[in-house]
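Count residues from 1 along the sequence.
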Amino acid sequence: MAKAKAQYDNSSIQKLEGPDRVRKRPGVIFGSDGLDGCEHSVFEIISNSIDEAREGHGKKIVVTSYTDGSVEVQDFGRGCPVDYNPKEDTYNWEMVFCEMYAGGKYNTNDGSNYEYSVGLNGLGLCATQYAAEWMDVEVKRDGFKYNLHFEKGFNKGGLEKAEYNGRETGTKIRWKPDIEVFTDINIPRDYFIDVLKRQAIVNDGLLFEFREQQGARFITQDIVYQNGITDYVNETVGEEKLTSVQFWNTERKGKDREDKPEYKVKINVALTFSNRHTLKEYYHNSSWLEHGGAPERAVRNAFVYQIDAYLKQNNKYKSNESKITFSDVEECLVLVISSFSTVTSYENQTKKAITNKFIGDAMTEFLRHQLEIYFIENKAEAEKIAEQVLINKRSRERSEKERINLKKTLSTGNSMADRVQKFVDCRSKDVAERELYIVEGDSALGSCKLARDAAFQAIMPVRGKILNCLKAEYDKIFKSEIITDLLKVLGCGVEVKSKANKNLSNFDLGNLRWNKVIICTDADVDGFHIRTLILTMIYRLMPTLISEGKVFIAETPLYEINTKAKTYFAYDENEKIDILNQIGDEKYNLQRSKGLGENQPDMMNLTTMNPETRRLIKIMPEDAEQTSQMFDLLLGDNLAGRKDYIAENGYLYMEDADIS
């Protein structure tokens, strides 16, 4: 019987009161009820301390992460007012910690206590208190020390007030985010370091001390940038920059609309150009604008406009060449903008983008003007920038052409067997059971074809040694018929991570036609070499296949040992010794295993292809970093490193060396 629905009438409408306004809908305030939202609640408290320091009250902020999951933020500012407020006829602590839309930052445009503040809405501190399992507050100001305690949004014990004769003032808040509010409250160390570093970048000289409890002790890390965004840009590029680091700043006044009040904006810009690094970060009133908004639009407009104008004025474009795009500039731009305004329109409470029209217009005009002057006064650097942007543009266009050609090359025609020479498909269309054997040469193809289970095992022969994909350029790689045939058979496309060729990337794991990709080569030096080159190709063009555990190596036996009653296969020297010990005095015939092409089909099935009896080595994703380093060393362009490695470790492999 269907459950009767409750009647929807005038008594159905309700409102949330007190802590429930946040505890039942934390995502409205913090953007999420998950870890992101919990982290944002921490930033709300830190930002209050930053606002104090920016107004000249305190030069240090201490943030502590405790093992019980609680967080503490301590500043040395004036101390949050918590005593009786005669104007509002209530205690300030009740408004600040228990009332939404209550605070001291509403009149930033009228010369109030906070001219440029992260906090605007009077929500953050109260919302964080409401979302906490518990919160303890200590305030030192006006000759008194005040203490407050809250549990699940409610005050316990009122305001404790005691005389205080110390010189130190400030606010210290410790709280534990409530697991009943957030789905995850385990804030990682990396978050604290990242957010404090970002705040140090845009608050010159402000010291952030991060303390992390580990057992009975605290690990401490100090973060400070004396010259703010300029130091950060220099740190990012080091010596690998095309141009000198520039710092530009200005102050403007304006309106978002004629009927709106006039307000002030400060703009600080640090930038350089580099062909090794790229960075683009925006901050407003200390808040990192992850989604940009007005500053992003201003930067795109100004840089494309001014660099394009320079290229045209100096005849840098070829005849009929298309105009640059921002992606061409972005490839070599290292830029940090930190702006402040007395009126700010954020997209929402999470403050990841601003929408002020005046700020966007002012920033566009300022950047255009500064770039024009910079190009005139620094001709040599302007030439370097123009040259690099054109290199980026032409590389982008070339890689786009290559991507289109590659797509045509790999695109489906009739059947895969028709498109790829000598490829032998299987009957099954179920990807969950399909296996692809990549084998060495045509002779191995014949043996494997007879030994396989045609229902789910396909064979792809590789003719000779394929290209070393770590050393070759992409255009050469994609002209190799062997490699493009393999890519067609695999079906998942390629991953290209380099900036210049990123448009070639068309990888989709969902298009992989196989559950297992099995590399099967002879158990000799040539076979190992071919196996390594195939693995190198997969590592460079499709590393996700390795990380997803799709790539295997089929072990082939090194020795065949025949007795009157039984045939044994040994895959290494130790196994051979164990089998001979097991045979004892019985007569046997020992021979080194032939190449795959010379093996009988029944032997191939038994040792290499039958899922019940074969041996497969799974290429494990845990080894990816070590594999990457070794591939780069032994197969990449590091000739000096390769020589050093061989000189130091070559003796270990002398017995296996093919020096006949």
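- Panel note: side chain N605, backbone P601; no donor-acceptor pair is recorded below 3.5 Å.
- At distances below 3.5 Å, at least one donor-acceptor pair connects side-chain atoms of D328 with backbone N or O atoms of T325.
- The backbone N or O of S322 lies less than 3.5 Å from a partner atom in the side chain of K393, making a donor-acceptor pair.
- Neither side chain, Y588 nor E586, offers a donor N or O lying under 3.5 Å from an acceptor on the other.
- In the model, S274 has no side-chain atom that pairs as donor or acceptor with a side-chain atom of E240 under 3.5 Å.
- Under the 4.0 Å criterion applied to side-chain N and carboxylate O atoms, E435 and R452 are not assigned as salt-bridge partners.
- With hydrogens and angles ignored, the 3.5 Å screen pairs a side-chain donor or acceptor of W514 with a backbone N or O of V489.
- A donor-acceptor contact shorter than 3.5 Å is absent between the side chain of E235 and the backbone of D231.
- Here the side chain of Y437 pairs no donor or acceptor atom with the backbone of A554 at under 3.5 angstrom.
- We find that R198 and D194 are joined by a salt bridge, their nearest charged nitrogen and carboxylate oxygen being less than 4.0 Å apart.
- No salt bridge links K488 with E481; every basic N to acidic carboxylate O contact stays at or beyond 4.0 Å.
- At least one donor-acceptor pair under 3.5 Å links the side chain of R434 to the backbone N or O of R513.
- Interatomic distance, CG of L606 versus CE of M604, reported as 11.0 Å (0.5 Å rounding).
- To the nearest 0.5 Å, the span separating CD1 on I337 from CG on L289 amounts to 10.0 Å.
- Note: R615 CZ to T607 OG1 = 10.0 Å, rounded to the nearest 0.5 Å.
- Ion pairing of E331 with R396 is absent here, as no side-chain N (NZ or NE/NH1/NH2) approaches a carboxylate O to less than 4.0 Å.
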CA sep, side-chain torsions, deciding dist, call: Y568, E575, side-chain contact (heavy atoms from CB on, under 4.5 Å): CA-CA 10 Å; Y568 300 87; E575 261 192 81; over 6 Å; no
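- Between the side chain of E440 and the main chain of D522, a donor-acceptor pair closer than 3.5 Å is present.
- A side-chain donor from one of Y559 and E573 sits under 3.5 Å from a side-chain acceptor of the other.
- In this structure, R531 contributes its side chain and T521 its backbone to no donor-acceptor pair below 3.5 Å.
- Side-chain N/O atoms of N392 and S395 include no donor and acceptor closer than 3.5 Å.
- I483 CD1 to M537 CE: the interatomic distance, rounded to the nearest 0.5 Å, is 6.5 Å.
- Salt bridge status for K197 with D190: absent, with no side-chain N to carboxylate O gap under 4.0 Å.
- A 4.5 Å side-chain heavy-atom check between I466 and I534 finds at least one atom pair inside the cut-off.
- No side-chain heavy atom of L35 sits under 4.5 Å from any side-chain heavy atom of N186.
- Of all heavy-atom pairs between Y571 and E555, the closest is CE2-O, 3.5 Å.
- Judged purely by atom type and a 3.5 angstrom limit, Q388 has no side-chain atom pairing as donor or acceptor with the backbone of C332.
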Candidate pair S65 and F210, rule side-chain contact (heavy atoms from CB on, under 4.5 Å), full reasoning: CA-CA 8 Å; S65 173; F210 176 60; 4.0 Å; yes
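- With contacts defined as side-chain heavy-atom distances shorter than 4.5 Å, the pair F208/Q199 qualifies.
- What you find for E560 and F569 is that their closest heavy atoms are CG-CE2, 3.8 Å.
- Of the N and O atoms on the side chains of Q582 and D578, not one donor lies less than 3.5 Å from an acceptor on the other residue.
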side-chain contact (heavy atoms from CB on, under 4.5 Å) between M542 and V551, worked out: CA-CA 11 Å; M542 299 159 287; V551 183; over 6 Å; no
